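All of these numbers come straight from a predicted model, not from anything done at the bench. When reading the values below, keep in mind they use all heavy atoms of this one structure, side chains included, and skip hydrogens, waters and symmetry mates.
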Amino acid sequence: MANQNAKGIKRIFNAVFFSIAGFKATWSHEEAFRQEVLLFVVTTPVALWLGETATDKLLLIGSMVLVLVVELLNSAVEAVVDRVGLDHHELSGRAKDIGSAAVMLSLLWAAVTWGVILL
């Protein structure tokens, strides 16, 4: 990370650009992220249309945002594990499996949220 000593508005400005770079990298290298973004793009208008209250709409959309957040974190874990080494190691596999489980749990939570609100 360049210029870690930046303060104030410069630090915020740098953080925005680092975040954009993170989105671009995840979009380029992670098929699952692209699929989940597509799911978000499709479900957001549906949530706005079918959600009866503002709370319903926020919960429906928020559950999909949670999926994206967890996928970003999982992708970061996978990148770090791959950076350490591509050879098979029990702890590397465990870290990737745990990240995958977190994504699955977020998807299940989104499905439950949608089911409870819309059914």
Shared hydrophobic cluster for [X] and [Y] (ILVMFWY, side-chain gaps under 4.5 Å):
| X | Y | answer |
| --- | --- | --- |
| Leu72 | Val41 | yes |
| Val46 | Val65 | yes |
| Leu58 | Leu39 | no |
| Val69 | Leu105 | no |
| Val80 | Leu73 | no |

Flag side-chain contact, heavy atom, 4.5 Å: [X] against [Y]:
| X | Y | value |
| --- | --- | --- |
| Trp114 | Leu59 | no |
| Ile117 | Leu60 | yes |
| Glu36 | Leu107 | yes |
| Lys57 | Glu52 | no |

Using only atom types and a distance under 3.5 Å, with no angle test, would you say the side chain of [X] pairs donor to acceptor with the backbone of [Y]?
| X | Y | value |
| --- | --- | --- |
| Ser106 | Val103 | yes |
| Ser100 | Lys96 | no |
| Arg11 | Ala6 | no |

> Taking all atoms of both residues into account, what is the closest heavy-atom pair of Ala95 and Val77, and its distance?
Replying inline: O-CG1, 4.0 Å
> Any idea which heavy atoms bring Thr26 and Gly22 closest together, and the distance?
Replying inline: OG1-O, 2.8 Å
>> Regarding Ser63 and Trp109, do their side chains bring together a donor and an acceptor under 3.5 Å, going by distance alone?
In response: no
Quick one: pull up [atom1] in [X] and [atom2] in [Y] and give me the separation to the nearest 0.5 Å.
| X | Y | atom1 | atom2 | value |
| --- | --- | --- | --- | --- |
| Arg34 | Leu38 | CZ | CG | 11.0 Å |
| Phe18 | Phe23 | CZ | CZ | 15.0 Å |
| Met64 | Phe40 | CE | CZ | 8.0 Å |
| Thr44 | Ile61 | OG1 | CD1 | 5.0 Å |
| Glu71 | Leu66 | CD | CG | 11.5 Å |

>> Within a 6.0 Å radius of atom CD on Glu31, are there more than 12 heavy atoms belonging to other residues, nucleotides or ligands?
In response: yes
> Can you name the residues that form a side chain to side chain donor-acceptor pair (under 3.5 Å) with Ser92, not counting sequence neighbours?
Replying inline: none
>> Is there a side chain to side chain contact (heavy atoms under 4.5 Å, CB included) between Glu78 and Glu30? Walk through the geometry before answering.
In response: CA-CA 10 Å; Glu78 288 182 351; Glu30 297 294 334; 3.7 Å; yes
